[in-house]
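Since the structure comes first, as structure tokens, the remarks are kept for the end.
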Amino acid sequence: MTDIETTDDRVSTVNTQSQSYGALVWRRFRRSVPGMLGLGLVLLLLVSAILAEFVAPMDPNQPTVSFAPPDQIDFAPWPTVYAIVESDELDPVTYQPLMGPDLENPRPLAFFVAAKPYHLMGLIPMQTRLVGLSDGQPLHLLGTDKLGRDILSRGIYGARLTLMISLVSITLITAIGTLMGITSGYIGGRFDMWFQRFVEIVLAFPQLPLYLTLTTLIPPTAPSPVFLGFVILVIVGLGWAQLSREVRSKTMSMARVDYVRAAVAVGASDGRIITRHILPNVLSHVIVSVTLGIPSIILLESFLGFLGFAVKPPLISWGLMLQDAQTFSAIGSYPWILSPVGFVLLAVFAFNALGDGLRDAVDPY
């Protein structure tokens with residue numbers, strides 16, 4: 001034969017290497033622009049909360065000028081801060097001095113500035129902050145509250161407590177709801193019937209009045225950790241039932257598939273069937289429920305903190321910061337005290353975008 005077999009040197013575009021389920025989910029997830037944006041914002045919030053002492057421009061409890069307006073920033077050619085001060089001109093209606101930037105005293109913004117000694121995460125001694133003024137003067141990018149404390153710094157510190165409450169609560173809700181849901185759906189029978197009646201009773205409670213009632217049972221003189229633990233306990237006690245109902249329905253549908261029946265036929269134990277066959281298939285729904293449940297807890301904590309039922313000073317949370325905005329006169333005169341609303345909106349948007357991206361990646365059909 002004169003024909004010589006030659007190999008095809010063209011590069012194939014088909015990926016013949018097998019990929020795990022996690023790799024496939026990540027491959028679909030990274031194509032989602034909102035999902036990647038939400039992931040970036042969530043990571044930014046978590047890093048800022050963990051490194052709050054370094055990221056915050058000031059000590060959150062350091063008093064300066066009460067209700068000082070936010071400083072003005074000029075970004076050309078280098079970020080320069082101008083304090084908002086009273087001018088010599090008067091308002092023609094109220095005859096109050098008009099406020100404006102102090103253009104005669106520019107203060108350049110600097111990074112990694114020297115600060116008073118502090119301990120990062122309560123462990124590492126440091127004397128440097130991420131951002132500040134080169135002359136060491138107070139920096140108020142979002143203004144100050146009624147006690148003269150920097151709102152931006154308090155918002156960064158408040159993220160630590162608000163996110164901690166949300167993450168601890170959702171972790172306990174996930175663990176209890178998943179365990180109860182799988183147990184009820186897999187065992188079935190009389191146990192499932194009576195347990196679902198109990199779940200329906202929990203879901204039938206009007207949550208907001210019950211939150212307010214239970215949180216008022218603690219005396220105001222109770223230590224902050226006790227009050228905080230009780231708030232988490234109340235959130236978990238009323239939040240696990242819905243996830244349990246969802247996991248139960250998933251478990252009942254998974255118990256009818258062929259490979260689970262085959263595992264039962266060959267004598268596999270209940271624990272092996274649950275952990276090796278049912279739980280991995282339910283876990284994708286649980287992960288999405290977690291990312292979508294965190295914003296609800298953040299909103300709930302902020303609302304309870306606004307009413308004074310979540311955390312107490314000297315602790316800092318976004319809801320507690322919003323207590324300064326309880327009167328219309330304060331909002332009208334000092335609108336920057338609503339800045340904590342921006343932190344809440346940012347966190348809720350970040351986790352919702354992350355949850356939507358994960359939901360599309362886990363179940364693309």
Side-chain angles (χ1 to χ4, degrees), residues 38 41-73 84 129-131 138-169 208 211-212 215 224 227-228 231-232 235 294-353:
L41 291 176
V42 167
L43 293 177
L44 179 62
L45 286 172
L46 294 177
V47 172
S48 300
I50 295 173
L51 305 178
E53 295 87 356
F54 173 70
V55 176
M58 293 186 60
D59 185 342
N61 296 317
Q62 177 183 350
T64 54
V65 180
S66 177
F67 288 125
D71 296 334
Q72 178 176 319
I73 302 180
I84 305 299
R129 293 189 183 274
L130 176 62
V131 65
L139 176 63
H140 304 305
L141 296 178
L142 295 180
T144 62
D145 60 7
K146 61 182 179 181
L147 299 179
R149 300 168 298 188
D150 183 57
I151 293 179
L152 177 59
S153 301
R154 292 181 62 81
I156 294 174
Y157 274 81
R160 175 180 292 178
L161 185 59
T162 300
L163 293 179
M164 186 272 292
I165 293 175
S166 302
L167 294 178
V168 171
S169 300
L208 182 57
Y211 280 129
L212 301 181
T215 50
S224 296
F227 198 92
L228 190 61
V231 170
I232 294 176
I235 294 176
I294 291 177
S296 301
I297 299 178
I298 292 177
L299 291 173
L300 177 62
E301 187 279 329
S302 300
F303 178 70
L304 293 177
F306 175 75
L307 297 178
F309 292 103
V311 299
K312 303 292 183 183
L315 299 178
I316 306 173
S317 72
W318 293 337
L320 189 63
M321 293 175 62
L322 287 173
Q323 288 185 5
D324 294 337
Q326 289 184 345
T327 59
F328 290 104
S329 59
I331 297 175
S333 302
Y334 318 108
W336 55 86
I337 62 177
L338 288 174
S339 298
V341 176
F343 294 110
V344 177
L345 291 177
L346 179 64
V348 171
F349 168 77
F351 282 103
N352 277 331

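Just so you know, these numbers use all the heavy atoms, side chains as well, and skip hydrogens, waters and symmetry mates.
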>> Once salt bridge (charged side-chain N to carboxylate O under 4.0 Å, His left out) is applied, what residue pairs with a partner in residues 152-163 remain, sequence neighbours excluded?
In response: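 Every salt bridge (charged side-chain N to carboxylate O under 4.0 Å, His left out) pair that includes a residue of residues 152-163, provided the two are not neighbours, is Glu53-Arg160, Asp145-Arg154.
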Specify the closest pair of heavy atoms between [X] and [Y], including all atoms of both residues, with the distance to one decimal.
X: Ser317; Y: Glu301; result: OG-OE2, 3.0 Å
X: Ala56; Y: Tyr157; result: CB-CE1, 3.6 Å
X: Ala68; Y: Trp336; result: O-NE1, 3.3 Å
X: Ile84; Y: Gln72; result: CD1-CB, 4.1 Å
X: Met58; Y: Ser153; result: N-OG, 3.0 Å

Between [X] and [Y], is there a donor-acceptor pair closer than 3.5 Å when you use the side chain of the first and the backbone of the second?
X: Ser66; Y: Lys146; result: yes
X: Trp318; Y: Val341; result: no
X: Thr144; Y: Phe67; result: yes

Do [X] and [Y] come within less than 4.5 Å of each other through their side chains, counting heavy atoms only?
X: Phe351; Y: Ile297; answer: no
X: Leu163; Y: Ile298; answer: yes
X: Leu147; Y: Pro63; answer: no
X: Thr64; Y: Asp150; answer: no
X: Pro340; Y: Ile151; answer: yes

Distance in Å, [X] [atom1] paired with [Y] [atom2], rounded so as to fall on 0.5 Å steps:
X: Ile235; Y: Ser166; atom1: CD1; atom2: OG; value: 7.5 Å
X: Leu338; Y: Leu322; atom1: CG; atom2: CG; value: 7.5 Å
X: Ile73; Y: Leu141; atom1: CD1; atom2: CG; value: 4.5 Å
X: Leu320; Y: Leu304; atom1: CG; atom2: CG; value: 12.0 Å
X: Leu152; Y: Leu139; atom1: CG; atom2: CG; value: 7.5 Å

Please set out all donor-acceptor pairs under 3.5 angstrom arising from side-chain atoms of residues 42-50, sequence neighbours excluded.
from  : atom 1 : to    : atom 2 : distance (Å)
Ser48 : OG     : Leu44 : O      : 2.8

>> For the residue pair His140 / Asp71, report whether a side-chain donor-acceptor contact shorter than 3.5 Å exists.
In response: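 There is no such pair (donor and acceptor under 3.5 Å, judged by atom type) between the side chains of Asp71 and His140.
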> How far apart are the C-alpha atoms of Leu228 and Ile165, what are their side-chain angles, what is the distance that settles it, and do they pass the side chain to side chain contact (heavy atoms under 4.5 Å, CB included) test?
Replying inline: CA-CA 8 Å; Leu228 190 61; Ile165 293 175; 3.3 Å; yes
>> Check this for me: Phe303, atom CZ, are more than 12 non-hydrogen atoms of other residues, nucleotides or ligands nearer than 6.0 Å?
In response: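 No, the 6.0 Å shell around CZ holds no more than 12 heavy atoms from other groups.
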